[in-house]
There are 2 protein chains.
Amino acid sequence: MFSKACEYGIKAAIFIASNSFENRRVSPKEISEEIDSPQAFTAKILQALVKNNIVKSVRGAYGGFEIDKDKIATTKLAQIVYAIDGDGIYKGCGLGLHTCDENHPCPVHDKFKVIRDELQDMLGNTSLEQLALDIKSGVSFLKV
Amino acid sequence: MFSKACEYGIKAAIFIASNSFENRRVSPKEISEEIDSPQAFTAKILQALVKNNIVKSVRGAYGGFEIDKDKIATTKLAQIVYAIDGDGIYKGCGLGLHTCDENHPCPVHDKFKVIRDELQDMLGNTSLEQLALDIKSGVSFLKV
DNA sequence: TATAAATAAGATAAATTTATCCGAAATAAA
DNA sequence: TTTATTTCGGATAAATTTATCTTATTTATA
Ligand code: FES
Ligand code: FES
């Protein structure tokens with residue numbers, strides 16, 4: 001469904017958010033350990049999230065990654081997915097036609113659209129805050 | 001969502017089915033032209049569909065690919081997807097945890113499950129026949 | 001039985017995604 | 001200002017997916 005890069009990006013953002021609740025910055029090392037991902041690759045993905053203004057990085061000693069508290073509440077899963085995987089998952093044709101077009105539909109268009117729109121709604125309505133709170137309270141998990 | 005191989009496989013099966021309605025066998029060359037896919041790669045995927053008993057191949061002169069008419073009606077999209085991409089799309093965790101487990105859920109599990117199950121239902125309920133008939137009647141398209 | 005036409009199968013190559021490595025740049029504190 | 005710590009950025013490598021090519025094998029027909 002999502003690329004590995006996107007999976008790591010989502011999990012990293014959730015982990016950073018759950019630590020930012022307590023004003024703790026976290027390093028790529030700690031992140032990759034907690035979400036069980038390759039460290040250097042994860043660092044690359046973090047850079048993309050920084051560029052897209054989803055997480056904030058602080059360089060130098062005592063630095064690390066954090067997310068402003070108000071941003072945790074307003075950031076939606078959709079923004080993270082878009083930053084890493086783009087909008088192909090929403091807009092692209094399920095069978096790979098050049099464009100998904102109502103007027104020139106592929107055989108699965110109608111049925112696909114329903115599911116794709118639902119996925120888009122879900123990603124657009126799910127905030128980082130909800131997900132991070134579930135991690136903090138031990139309801140959900142980031143690895144294994 | 002699906003791999004390229006799977007996209008080609010679905011479109012190939014639909015094209016073969018739509019020709020089998022008229023007892024016409026088709027070649028990998030014709031298939032790849034009609035679904036706009038690389039010929040040799042498509043041929044490989046056809047072999048997988050043959051092994052999984054989804055399409056029938058007839059070797060030698062006047063051979064080609066076909067699907068028995070009764071099978072066109074009973075074959076579901078799910079079988080094609082399973083033959084090529086496996087069941088990861090239904091059963092795997094959306095965030096890449098080793099297993100999707102209700103008792104050890106990832107942060108998006110609940111919301112993901114809804115969509116995943118709907119996708120599974122859709123693929124399980126959509127027959128090759130419906131899709132092939134839409135191609136024949138010009139309601140939907142396999143390329144561009 | 002010989003020939004031509006067709007799929008099957010295996011080896012190889014190209015492209016993309018995933019992953020690693022290393023030096024540069026920035027920052028806080030001593 | 002020096003040093004230690006940390007992210008940033010570019011180059012490289014490994015793995016996977018996608019794609020091609022070449023040779024076998026099968027089969028209908030002449
Ligand atoms: S045209 Fe294929 S999903 Fe819309
Ligand atoms: S555990 Fe991640 S989708 Fe179920």
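We name chains A, B, ... by the order of the sequence lines, and we start the count at 1 in each one.
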Exercise. At under 4.0 Å, does any side-chain N or O of Tyr8(B) touch on OP1 or OP2 of dA19(D)?
Worked result: yes
Exercise. What's the CD-P distance between Gln39(A) and dC22(C), to the nearest Å?
Worked result: 13 Å
For this session: Can you see which heavy atom on Ala83(B) is nearest to which on Ile54(B), and at what distance?
Result: CB-CD1, 3.8 Å
For this session: In sequence, state the C-alpha distance, the side-chain angles, and the governing distance for Lys11(B) and Glu7(B), and then conclude on salt bridge (charged side-chain N to carboxylate O under 4.0 Å, His left out).
Result: CA-CA 6 Å; Lys11(B) 289 189 278 192; Glu7(B) 291 177 5; 5.1 Å; no
Exercise. Closest nucleotide of DNA chain D for Ala5(B) versus for Ala43(A): which of these residues is on the 5' side?
Worked result: Ala43(A)
Problem set entry | Residue whose closest nucleotide on DNA chain C lies nearer the 5' end, Tyr62(A) versus Lys29(B) | Lys29(B)
Exercise. Quick one: which of dC21(C), dA19(C), dA28(C) gets closest to the side chain of Ala61(A)?
Worked result: dA28(C)
Seminar exercise, completed: Result for 5'-nearest mapping on DNA chain C, choosing between Ala40(A) and Val58(A), is Ala40(A)
For this session: Figure out the CZ/C1' separation between Phe65(A) and dT27(C), and round it to whole Å.
Result: 14 Å
Exercise. For the pair made of CZ in Arg24(A) and C1' in dT6(D), what is the distance, rounded to whole Å?
Worked result: 15 Å
Exercise. Which whole-number value in Å describes the distance from Lys51(A) NZ to dT7(D) P?
Worked result: 16 Å
For this session: Establish, with yes or no, whether the OP1 or OP2 oxygen of dT6(D) is under 4.0 angstrom from a side-chain nitrogen or oxygen of Ser57(A).
Result: no
Exercise. Angle class for the Tyr8(A)/Phe41(A) ring planes (parallel below 30°, perpendicular above 60°, tilted otherwise)?
Worked result: perpendicular
For this session: Give one of base, sugar-phosphate or nothing for Val26(B), where a contact means two heavy atoms less than 4.0 Å apart.
Result: sugar-phosphate
Exercise. Could you state the CZ-P distance from Arg59(A) to dT27(C), rounded to the nearest angstrom?
Worked result: 7 Å
Exercise. How many Å lie between CG on Leu49(A) and P on dC8(D), as a whole number?
Worked result: 11 Å
Exercise. Do side-chain atoms of Ser32(A) reach the backbone of Lys29(A) as a donor and acceptor pair under 3.5 angstrom?
Worked result: yes
Exercise. So which nucleotide from dT18(D), dC8(D), dT27(D) ends up closest to the side chain of Ser3(B)?
Worked result: dT18(D)
For this session: Examine dG9(D): is either OP1 or OP2 under 4.0 Å from a nitrogen or oxygen in the side chain of Gln47(A)? Give yes or no.
Result: yes
For this session: Answer yes or no: is there a donor N or O on one side and an acceptor on the other, between the side chain of Glu33(B) and the main chain of Glu30(B), under 3.5 Å?
Result: no
Problem set entry | Residue Lys44(B), side-chain atoms from C-beta onward, closest of dA8(C), dT29(D), dC21(D) | dC21(D)
Exercise. Over how many whole Å does the gap from Lys4(B) atom NZ to dT17(C) atom C1' extend?
Worked result: 15 Å
Exercise. Given atom CG of Asp85(B) and atom P of dT17(D), what is their separation to the nearest angstrom?
Worked result: 9 Å
